[in-house]
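Order of listing sets the numbers, starting from 1, for every ligand and every atom in it. Please read these numbers as outputs of a predicted model, since none were measured by experiment.
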Amino acid sequence: MGNYGNRVQFEVYQTMPNPAADRLPVVFEEWEARAREVLEDGPYYYVAGGAGGERTIASNLQAFGRWKLVPRMLRNVEERDLSIELFGVKQEFPLLLAPVGVQSIIHEDGEIATAKACAAIGVPFITSSASSVPMEQIAAAMGEAPRWFQLYWSKDEEITASFLKRAEASGHSAIVVTLDTPMMAWREYDLKNVYLPFLIGEGVGNYLSDPAFCAKLEKSPQEDPQAAIMYWTQIFGNAGLTWENLAFLRAHTELPILLKGILHPEDARLAIEHGVDGIIVSNHGGRQVDGSISALEALPLVCEAVDGRIPVLMDSGIRRGSDVIKAMALGAQAVLIGRPAMYGLAVAGEQGVKEVLRNMIADLDITLALTGEKSVQDLERSLLFEAGEK
Ligand SMILES: Cc1cc2nc3c(=O)[nH]c(=O)nc-3n(C[C@H](O)[C@H](O)[C@H](O)COP(=O)(O)O)c2cc1C
Ligand SMILES: O=C(O)C(=O)c1ccccc1
């Protein structure tokens, strides 16, 4: 698929000399600023904000600045290849849409809009356990397009098992187990704004539609929504889990299992020991531990421990094409796109997500060519110069 970026550039410049006044942004910072304008304080800070003093958010972004690309010349980069393969499945691009819960607070079409945009562009969508609508509705909107399911491992084993079964039945082809959120972090803005979407019944679509969840309620969620939400707050997270519990997931699904939220190389080793199929290096976009190592800093250390035995993916701070290249040169097989896509959703629904993804891919393709590389699969550390303060 060579020349994706050049085609997009051409498309954009063709709208000259009269670009529409209501044109969508191109610049990441403008998407963010427009999202700020259209969202109320509660939802905006829920999406953009993070844990504590937001030092992890800052270091996620700064970490990319420490690595610099060292472009190579005269290497015939006319035809590029952005494709990768994960778990035996080929993907056109090395991107996935990060699992993001409660998208109804960002746009009325929520996950359905995002999932359709992903299907149209060819980027796999990761359905969150905390999606606004049941996973089956999202799947139905996507047709045959690729999707994975993100599991929040509930305190109630029957709900966890039921989610796995439903995910498989609705055509999700891998399970992402998020380990860094057994409870919501100390998020200063959400506490200041007294904003928690779940308490107003947003982001609980998978639970309210779940037979195992509903079996535990005295009255149906329709009859007594408040009681259903109270029960949700009791069973949502599980801080009691240990590595031994992974066997439970293995016993309940045939799908590849990835662990999301791995930052320590020793945890990467444990993950492999316990037979998982992939790792996602992530600090949850700085939303869980304030002052944590950035995901990009953790990435090469984790990759060293993994030593190519299983795929390593990464998220937290990917904003532009060159960020994707840096992450892949440091060992990631693919990256997850979180907030940029959510700002696109806030500003223009499905079309906004499409444009954000299209532009990210175009930027990636062009920057790849300009660094002298033809294929994302060949990216190596030798392309990078490490500069600046540690
Ligand atoms: C509003 C919001 C909701 C999120 N919900 C989830 C979720 O339900 N499950 C999950 O594993 N990660 C969740 N994440 C984390 C993302 O999957 C991803 O790790 C993070 O957005 C990456 O950081 P970045 O967006 O700054 O690049 C959420 C992130 C945001 C911004
Ligand atoms: O807000 C989040 O970061 C998050 O991961 C989450 C946790 C619980 C429900 C929905 C989203």
Side-chain angles (χ1 to χ4, degrees), residues 28 31-32 35 39 42-51 54 56-64 95-107 110-111 114 125-132 135 148-154 163 175-187 189-190 195-207 229 232-233 235-238 258-263 280-289 292 294-296 298 313-320 323-324 327 332 335-346 356 360:
F28 168 77
W31 283 107
E32 190 171 32
L39 295 175
Y44 173 75
Y45 284 103
Y46 186 79
V47 175
E54 303 192 338
T56 304
I57 294 188
S59 37
N60 280 343
L61 302 177
Q62 281 157 10
F64 285 92
L95 308 180
L96 297 96
L97 211 292
V100 174
V102 276
Q103 294 184 30
S104 57
I105 66 168
I106 304 173
H107 189 277
E111 289 84 0
T114 309
F125 177 83
I126 309 181
T127 305
S128 165
S129 275
S131 54
S132 322
M135 62 183 103
W148 294 2
F149 181 73
Q150 178 264 327
L151 179 72
Y152 272 133
W153 196 329
S154 171
F163 273 24
I175 302 294
V176 169
V177 188
T178 299
L179 300 178
D180 55 21
T181 312
M183 64 196 78
M184 208 60 98
W186 185 256
R187 297 183 184 168
Y189 282 102
D190 297 343
Y195 187 79
L196 192 61
F198 318 103
L199 300 186
I200 49 171
E202 303 287 344
V204 289
N206 284 318
Y207 297 83
I229 289 163
W232 180 87
T233 61
I235 57 86
F236 163 71
N238 187 350
L258 297 93
L259 301 185
K260 176 169 182 273
I262 298 292
L263 293 166
I280 306 179
V281 174
S282 166
N283 57 31
H284 212 102
R287 301 166 68 77
Q288 287 301 100
V289 176
S292 145
S294 70
L296 195 73
L313 281 57
M314 180 268 182
D315 75 27
S316 300
I318 301 285
R319 298 293 177 266
R320 292 190 155 88
D323 300 335
V324 182
V335 299
L336 278 54
I337 308 301
R339 290 188 180 92
M342 292 305 106
Y343 297 142
L345 178 65
V356 166
M360 180 91 70

ask   = With a 4.0 Å heavy-atom cut-off (strictly under), which part of Thr178 contacts ligand 1: side chain, backbone, both or neither?
value = side chain

Distance under 4.0 Å to a non-hydrogen atom of [X]: what atoms of ligand 2 satisfy this?
X: Ala130; result: 9 (C), 10 (C)
X: Arg187; result: 1 (O), 2 (C), 3 (O)
X: Phe198; result: 8 (C), 9 (C), 10 (C), 11 (C)
X: His284; result: 2 (C), 3 (O), 4 (C), 5 (O)

Mark up the atoms of ligand 1 that fall under 4.0 Å of a heavy atom belonging to [X], in ascending order.
X: Arg319; value: 24 (P), 26 (O), 27 (O)
X: Ser282; value: 19 (O)
X: Asp315; value: 18 (C), 19 (O), 22 (C)

message = Less than 4.5 Å apart, side chain to side chain, heavy atoms only: is that true for Asn60 and Ser294?
response = yes

message = Any non-hydrogen side-chain atom of His284 less than 4.5 Å from a side-chain atom of Ser292?
response = no

task = Compute the shortest N/O to N/O distance between Gly101 and ligand 1 and return yes if it is under 3.5 Å, no if not.
result = yes

request  = Please determine if Arg339 has a nitrogen or oxygen closer than 3.5 Å to a nitrogen or oxygen of ligand 1.
outcome  = yes

task = Taking the six-membered ring for Trp and the full ring for Phe, Tyr or His, determine whether the centres of Tyr207 and Phe163 are under 6.0 Å apart.
result = yes

request  = Please confirm whether Leu336 comes under 4.0 Å of ligand 1, counting heavy atoms of the residue only.
outcome  = no

In the protein, which heavy atom is nearest to [atom], and how far is it?
atom: atom 8 (C) of ligand 2; value: Phe236 CZ, 3.3 Å
atom: atom 21 (O) of ligand 1; value: Gly338 CA, 3.8 Å
atom: atom 12 (N) of ligand 1; value: Lys260 NZ, 3.0 Å
atom: atom 1 (O) of ligand 2; value: Tyr46 OH, 2.4 Å
atom: atom 3 (O) of ligand 2; value: Arg287 NE, 2.7 Å
atom: atom 23 (O) of ligand 1; value: Gly285 CA, 3.1 Å
atom: atom 3 (C) of ligand 1; value: Val100 CG1, 3.4 Å

request  = Quick one: sort the Tyr152 and Phe236 rings into parallel, tilted or perpendicular, breaks at 30° and 60°.
outcome  = perpendicular

inquiry  = Please verify the inter-ring angle class for Tyr189 with Tyr45; under 30° counts as parallel, over 60° as perpendicular, anything in between as tilted.
reply    = parallel

task = May I ask you to identify, for Gln288, whether its side chain, its backbone, both or neither come under 4.0 Å of ligand 2 on a heavy-atom basis?
result = neither

Closest candidate by heavy atom, reference [atom], pool [options]:
atom: atom 6 (C) of ligand 1; options: Pro99, Ser316, Pro197; value: Pro99
atom: atom 8 (O) of ligand 1; options: Ala98, Gly317, Ser128; value: Ser128
atom: atom 31 (C) of ligand 1; options: Gln103, Met342, Gln150, Arg287; value: Arg287

So, does [X] use its side chain to make a donor-acceptor pair with the main chain of [Y] at under 3.5 Å?
X: Arg287; Y: Met184; result: no
X: Asn283; Y: Asp180; result: no
X: Arg319; Y: Arg339; result: no

query = Any side-chain donor paired with an acceptor under 3.5 Å for Gln103 and Ser132?
reply = no

key: Donor-acceptor pair between Asp315 and Ser282 side chains, under 3.5 angstrom   = yes

message = What's the separation between atom CE in Met342 and atom CG in Leu39, rounded to the nearest 0.5 Å?
response = 11.5 Å

query = What's the spacing between Glu111 CD and Ile106 CD1 if we round to 0.5 Å?
reply = 8.0 Å

task = Count the heavy atoms belonging to other residues, nucleotides or ligands that lie under 6.0 Å from CZ of Phe28, then report whether that count exceeds 12.
result = yes

task = Check Ile318, Leu61, Val335, Ile337 against Asp323 for a side chain to side chain contact (heavy atoms under 4.5 Å, CB included) and give me the one that passes.
result = Ile318

inquiry  = If I apply the N/O under 3.5 Å rule, does Trp232 come out as touching ligand 2?
reply    = no

